[in-house]
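Here's the structure we're looking at; comments come further down.
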Amino acid sequence: YRNTFGMFSVSAGYTQNGTSTAESASSGEASHGSITDIYVSVSPIDGLTIGGGHAENTSADTSATSEDTQSSVAQAVYSTGPVSFGYRRAIQDKGTAGAASRDIEGMSIAFNVNDSFAVSYGVQDMEVEAISATAAVTEEVTGISAAYTSGAASVRVNHSKADNDNGSSGVDDETTEVSLVLSF
């Protein structure tokens, strides 16, 4: 479902049998749950959009201590002239026993230099909570992107770096991507 009411936008979804089973595997209806989500955003003034959402996955889990996986997000984006600023906060409480929950905070800025060239920079910290003897770990990701468009062609460059990638202490990752996009 998706609709707009004045300055408010609402989207909601429901998926029965939220998990998948291999095609050749057998399972009954009771072995699956569902996924529900809702997101609401409001634009109270020109250039500002504030939104928040919540999702819940009720997929069945045979562990006695498991609960539903829940995710929540809140964000704000403000655009004025050629500049946009964004901030996001999110949490994910894993329903599976022994799985770490995550706390995420991200910020970004984008600048349209002109009609053909744009650059952006973003940072995100994701804290993976401590479980038993495993200490909490914070993944730190930074990224910078640039795009140049001329007619039907766009050249894009993106470079990102992650420290403690995916919440694994001491695992770092770095990626650079250059792409050419042609529109016909």
Side-chain angles (χ1 to χ4, degrees), residues 11 13 15 18-20 35-41 47-57 59 61 63 65-80 82-113 116-149 153-183:
S11 62
T15 304
T19 60
S20 61
I35 299 172
T36 57
D37 63 81
I38 186 165
Y39 185 83
V40 178
S41 65
L48 177 63
T49 302
I50 301 169
H54 181 78
E56 189 167 333
N57 184 339
S59 299
D61 192 314
S63 173
T65 58
S66 289
E67 298 176 2
D68 297 338
T69 296
Q70 298 184 25
S71 301
S72 297
V73 64
Q75 62 187 27
V77 176
Y78 181 68
S79 299
T80 180
V83 181
S84 293
F85 305 93
Y87 178 80
R88 179 182 58 187
R89 218 31 222 190
I91 57 170
Q92 183 182 50
D93 292 327
K94 292 285 193 169
T96 305
S101 294
R102 298 164 189 264
D103 186 5
I104 303 163
E105 181 178 38
M107 294 168 269
S108 63
I109 184 169
F111 180 63
N112 291 323
V113 178
S116 299
F117 184 61
V119 295
S120 62
Y121 176 77
V123 295
Q124 176 176 287
D125 289 345
M126 178 181 67
E127 182 180 349
V128 179
E129 77 174 349
I131 298 286
S132 302
T134 305
V137 176
T138 299
E139 174 191 60
E140 299 170 350
V141 179
T142 58
I144 187 165
S145 298
Y148 179 77
T149 302
S154 293
V155 177
R156 302 174 182 174
V157 178
N158 177 28
H159 179 77
S160 60
K161 182 178 181 219
D163 296 329
N164 301 322
D165 192 32
N166 201 27
S168 299
S169 185
V171 176
D172 299 336
D173 191 19
E174 196 166 340
T175 304
T176 300
E177 179 182 341
V178 178
S179 63
L180 172 65
V181 178
L182 302 173
S183 300

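If you're wondering where the values come from, they're calculated on a predicted model, not measured in any experiment. The first residue of the sequence shown is numbered 1, and numbering continues consecutively from there. Basis for what follows: all heavy atoms, side chains included, without hydrogens, waters or symmetry-related copies.
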Got a list of side-chain donor-acceptor pairs under 3.5 Å for residues 82-89, not counting sequence neighbours?
{"from": "Ser84", "atom 1": "OG", "to": "Ser79", "atom 2": "OG", "distance (Å)": "2.7"}
{"from": "Tyr87", "atom 1": "OH", "to": "Glu105", "atom 2": "OE2", "distance (Å)": "2.5"}
{"from": "Arg88", "atom 1": "NH2", "to": "Gln124", "atom 2": "OE1", "distance (Å)": "2.4"}
{"from": "Arg89", "atom 1": "NH2", "to": "Asp103", "atom 2": "OD1", "distance (Å)": "3.2"}
{"from": "Arg89", "atom 1": "NH2", "to": "Asp103", "atom 2": "OD2", "distance (Å)": "3.2"}

Rounded to the nearest 0.5 Å, what separation is found between the [atom1] atom of [X] and the [atom2] atom of [Y]?
X      : Y      : atom1 : atom2 : answer
Glu139 : Asp125 : CD    : CG    : 9.0 Å
Ile104 : Glu127 : CD1   : CD    : 11.0 Å
Phe111 : Ser120 : CZ    : OG    : 12.5 Å
Leu48  : Thr80  : CG    : OG1   : 11.5 Å
Lys161 : Thr176 : NZ    : OG1   : 12.0 Å
Glu56  : Asp37  : CD    : CG    : 11.0 Å

Review point. Is any side-chain heavy atom of Tyr121 less than 4.5 Å from a side-chain heavy atom of Thr142?
Key: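 They are in contact (side-chain heavy atoms under 4.5 Å apart), so the answer is yes.
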Check your understanding: Is Glu174 close to His159 at the side-chain level, that is, under 4.5 Å between some pair of heavy atoms?
Key ->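 Yes; the side chains approach each other to less than 4.5 Å.
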Taking only residues two or more places apart in sequence, or in another chain, which ones meet [X] in a side chain to side chain contact (heavy atoms under 4.5 Å, CB included)?
X      : result
Asn164 : Val137, Ser169
Ser101 : Asp93, Glu129
Ala153 : Leu180, Leu182
Ala147 : Arg156

Practice item. Only counting residues at least two apart or in another chain, list the ones meeting side chain to side chain donor-acceptor pair (under 3.5 Å) with Asp173. Key: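 By the side chain to side chain donor-acceptor pair (under 3.5 Å) rule, Asp173 matches no residue at all.
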Check your understanding: Taking all atoms of both residues into account, what is the closest heavy-atom pair of Phe117 and Ala146, and its distance?
Key -> CE1-CB, 4.1 Å
